[in-house]
Amino acid sequence: MNATSGILLEFYEQLLAYFGKQYWWPGDSPYEIAIGAVLTQNTNWNNVEKAINNLKKRNLIDAQKMTNIDSNELAELIKPSGYFNLKANRLKMMTKWWQKNADRALKQHVNLDLMRNSLLSVKGIGEETADSILLYAFEYPTFVVDAYTKRFLIRHHLINEKASYHDMKLLFETHLACDVYFYREFHALIVALGKTSCKKTSPRCDHCCLNWHLR
DNA sequence: CCCCAGGCGTCCA
DNA sequence: TGGACGCATGGG
C-alpha cells in the first residue's frame, strides 16, 4: 500500500464516520437504478425523484411497458428531470439494450470490459452512466467518477485540473481493493460530501474539507 | 434576477 | 483529442 492508497482510505474512513453509510443506489430494482442513472445526468436528484414517481404511478418501471409507451407521452412524464425529449429517447434506447442484455449482465456472465463497452455503445450512455449501472444495478466492480469526484480529487491535490475520466477512475481502482460494496459506498460518500460543500476547488476551505488535516 | 445540478452527443479546429 | 454548445426543469 503506497501513500495514495493510505490517503484515499483515510478519506473514506472520515467520510464514513461523518456521513454514515449511504446505502446507494436509491432504487427498488436494477431497472429502476438504470432509469435513475439516465435521468440524473446533469440534473438534481430531487427533480429525478419527481420524474421517477410519475413513472411509478404509471407502472412504467418495467422494460416492456417502457418499450410500448409513446415517446412524447414518456417525455411529458419525465419533464421534471429536465432535457425531457433527450432523456425520453435515451430511456427508450437504454431499455432496448436492457431487454437484450440485462439477464446476462445480472448474472455477470459477460466480462466487465465487454459489458461496459456494450453499454457505452448505447447513444446517451456515457462513462459515468455506464459505470453507475454496472456498479449499482449489476454489481460489477467499476468505480464511478462524477463532477463531485473530480472536485474532491482536485481539492486534495490528488489529480490535476485536466485529468480525464479514465485517469480518475484508474486512480481509485489501482489504489483501492477491488470490491463492489466498497466502491459503491465510497462514491456515494463523495456525492454526500459534494452536495454539502461549496463548488470552489481552490483554495481549500474548512467547510468543504470538514476540517480535515490531510494534504 | 442570477447560478447550477450525480452528462452526453455533436460540431469544429 | 479537446473545447464550446444545446439540451430544460426546479431549487437556492
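In what follows, chains carry the letters A, B, and so on, assigned in the order in which the sequence lines appear, proteins first and then strands, with residues in each chain numbered from 1. Just so we're clear, the structure is a prediction, and the values are computed from it rather than from any experiment.
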[X] [atom1] to [N] [atom2], straight-line distance once rounded to whole Å:
X       : N      : atom1 : atom2 : answer
K87(A)  : dG6(C) : NZ    : P     : 18 Å
N85(A)  : dC8(B) : CG    : P     : 19 Å
Y83(A)  : dA5(B) : OH    : C1'   : 8 Å
L86(A)  : dG6(C) : CG    : P     : 14 Å
H166(A) : dG7(B) : NE2   : C1'   : 19 Å
D167(A) : dT1(C) : CG    : C1'   : 13 Å

Can you tell me if Q64(A) and Q99(A) form a side-chain donor-acceptor pair at under 3.5 Å?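 Yes, because at least one side-chain N or O of Q64(A) sits under 3.5 Å from a partner of the opposite role on Q99(A).
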Would you tell me whether D131(A) and Y165(A) have side-chain atoms, one donor and one acceptor, within less than 3.5 Å of each other?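 There is such a pair (donor and acceptor under 3.5 Å, judged by atom type) between the side chains of D131(A) and Y165(A).
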Working to the nearest 0.5 angstrom, can you tell me the gap between [X] [atom1] and [Y] [atom2]?
X       : Y       : atom1 : atom2 : value
W97(A)  : L120(A) : CH2   : CG    : 10.5 Å
F11(A)  : L193(A) : CZ    : CG    : 9.5 Å
L119(A) : T129(A) : CG    : OG1   : 9.5 Å

Quick one: on DNA chain B, does K123(A) or K195(A) contact a more 5' nucleotide (nearest heavy atom)?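 Per heavy-atom nearest nucleotide, the more 5' residue is K195(A).
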Verdict with supporting geometry, M94(A) and W98(A), side chain to side chain contact (heavy atoms under 4.5 Å, CB included): CA-CA 6 Å; M94(A) 182 277 286; W98(A) 189 274; 4.1 Å; yes
Could you tell me whether the phosphate oxygens of dC4(B), OP1 or OP2, come under 4.0 Å of any side-chain nitrogen or oxygen in R151(A)?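 So the side chain of R151(A) is outside the cut-off, no N or O lying under 4.0 Å from OP1 or OP2 of dC4(B).
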Result block: side-chain N/O donor-acceptor pairs under 3.5 angstrom for residues 176-186 of chain A, not counting sequence neighbours:
{"unit_1": "D179(A)", "atom_1": "OD1", "unit_2": "Y181(A)", "atom_2": "N", "d": "2.9"}
{"unit_1": "D179(A)", "atom_1": "OD1", "unit_2": "F182(A)", "atom_2": "N", "d": "2.9"}
{"unit_1": "Y181(A)", "atom_1": "OH", "unit_2": "E139(A)", "atom_2": "OE1", "d": "3.1"}
{"unit_1": "R184(A)", "atom_1": "NE", "unit_2": "L135(A)", "atom_2": "O", "d": "3.1"}
{"unit_1": "R184(A)", "atom_1": "NH2", "unit_2": "L135(A)", "atom_2": "O", "d": "3.2"}
{"unit_1": "R184(A)", "atom_1": "NH2", "unit_2": "Y136(A)", "atom_2": "O", "d": "3.3"}
{"unit_1": "E185(A)", "atom_1": "OE2", "unit_2": "Q22(A)", "atom_2": "N", "d": "2.6"}

NA contact type, [X], heavy-atom cut-off 4.0 Å: base, sugar-phosphate, or nothing?
X       : value
K162(A) : nothing
S81(A)  : nothing
I190(A) : nothing

Which residues, if any, of residues 91-99 of chain A bring a heavy atom under 4.0 Å of DNA chain B?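 Heavy-atom cutoff 4.0 Å gives no residues at all.
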Flag this pair as yes if the NZ/CZ of K169(A) is under 6.0 angstrom from the six-membered ring centre of F143(A) and inside a 45 degree cone about the axis; otherwise no.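 Here K169(A) fails the 6.0 Å and 45° test against F143(A).
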Within a strict 4.5 Å, meaning less than it, do heavy atoms of the T67(A) and K96(A) side chains meet?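 T67(A) does not reach K96(A) side chain to side chain.
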Distance between P atoms of dT10(B) and dA8(C) (Å, rounded):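 Taking atom P in both dT10(B) and dA8(C), they lie 15 Å apart.
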Those residues of residues 34-55 of chain A lying under 4.0 Å from DNA chain C by at least one heavy atom: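 Result for residues 34-55 of chain A: N42(A), N47(A), K50(A), sorted by number.
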